[in-house]
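Worksheet: one structure, shown below.
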Amino acid sequence: MKKIVNNVTIECVSGDIAAQKDIAAVVNAANAQLRIGGGVAGALHRAAGPGLEEECRPLAPIKPGEAVITGAHNLPNDYVIHCLGPVYGADRPEDKLLADCYRNALQLAEDSKVDSVAFPSISTGAFGYPMEDAAEVAFQTVKEITADLKQVRLIRFVLFGEDALEVHRRKMEEVLG
Ligand code: AR6
């Protein structure tokens, strides 16, 4: 499913964030220490190899809502953008912190002249953010920012499984029309 807003294509697919061969920058749902973890952080670090953790070490720790950019090592991309999402119910206000993740990640992509970015559904795994609410924040934030993007022309949401894809499809229709 695709929408075009201000000349930026926004799409949802189901798949693995570590296998997005045609995308310049993939976003990591990171931990504060930027170490290998479970979920997205596990998949990306395993596929990237140990060089990614090494490059991350001097950049850590990061705070909820922050993002940093590194090379992609053995991943089929040019960059990894690491975002620390809010822990639902603990880092507040969670909607603002989650929006900061998307905004800061896209700003780093712009600064690095990246034309395509793939996001996972940040905070909706180990960090417990209800997916429907998180998807609303994600699409609203992306919608608002499209007018300012000069480099990024494709934003892909890579969802883990058909249920997650369906939630995002519905929300995308609601928010982006
Ligand atoms: N590709 C795409 N989406 C995935 C993948 C994948 N390979 N694996 C899981 N998801 P999470 P968080 C989905 O837990 O909630 C880590 O251990 C998953 O179903 O990766 O931000 C870090 O070390 C969920 O919908 O990220 C941190 O400590 C979404 O991606 C903490 O978890 C995010 O799940 C970050 O928690």
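Numbers here are sequence positions counted from 1. Indexing begins at 1, ligand by ligand and atom by atom, following the structure's order.
- Between the choices F160, F127, F157, the shortest heavy-atom distance to atom 36 (O) of ligand 1 belongs to F127.
- Not one N or O of L159 is nearer than 3.5 Å to an N or O of ligand 1, by distance alone.
- When heavy-atom distances to ligand 1 are checked against a 4.0 Å cut-off, A18 has no atom that comes that close, whether in backbone or side chain.
- Distances from ligand 1 to the non-hydrogen atoms of A164 include no value under 4.0 Å.
- Any N or O atom pair closer than 3.5 Å counts here, and R35 shares no such pair with ligand 1.
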Can you give me every donor-acceptor pair (side chain of residues 160-167, partner residue at least two apart or in another chain, under 3.5 Å) with its distance?
residue: E162; atom: OE2; partner: S14; partner atom: OG; Å: 3.3

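- Shown are F119, F157, Y102; of these, the ring pair (Phe, Tyr, Trp, His ring centres under 6.0 Å) with F139 is made only by F157.
- Contact annotation: G85 has no heavy atom less than 4.0 Å from any atom of ligand 1.
- Note: an N/O pair closer than 3.5 Å links V40 and ligand 1 by distance alone.
- Considering backbone and side-chain N/O atoms, G125 comes within less than 3.5 Å of an N/O atom of ligand 1.
- The closest approach between G15 and ligand 1 falls below 4.0 Å for a heavy atom of the residue.
- Checked against a 3.5 angstrom limit, the closest N/O atoms of G38 and ligand 1 fall inside it.
- Residue contact annotation: A30 has a non-hydrogen atom under 4.0 Å from ligand 1.
- For ligand 1, the polar-atom distance check finds an N/O of T124 within less than 3.5 Å of one of the ligand's N/O atoms.
- For the pair E11 and K3, the salt-bridge criterion is not met [side-chain N within less than 4.0 Å of a carboxylate O].
- For residues 21-40, every residue pair satisfying the side-chain hydrogen bond (donor to acceptor under 3.5 Å, both in side chains) rule, not counting sequence neighbours, is listed here: D22-R156, N28-H82, R35-E53.
- Not a single N or O atom of A43, backbone or side chain, sits closer than 3.5 Å to an N or O atom of ligand 1.
- Remark: ligand 1 and I122 share no N or O pair separated by less than 3.5 Å (distance only, no angle test).
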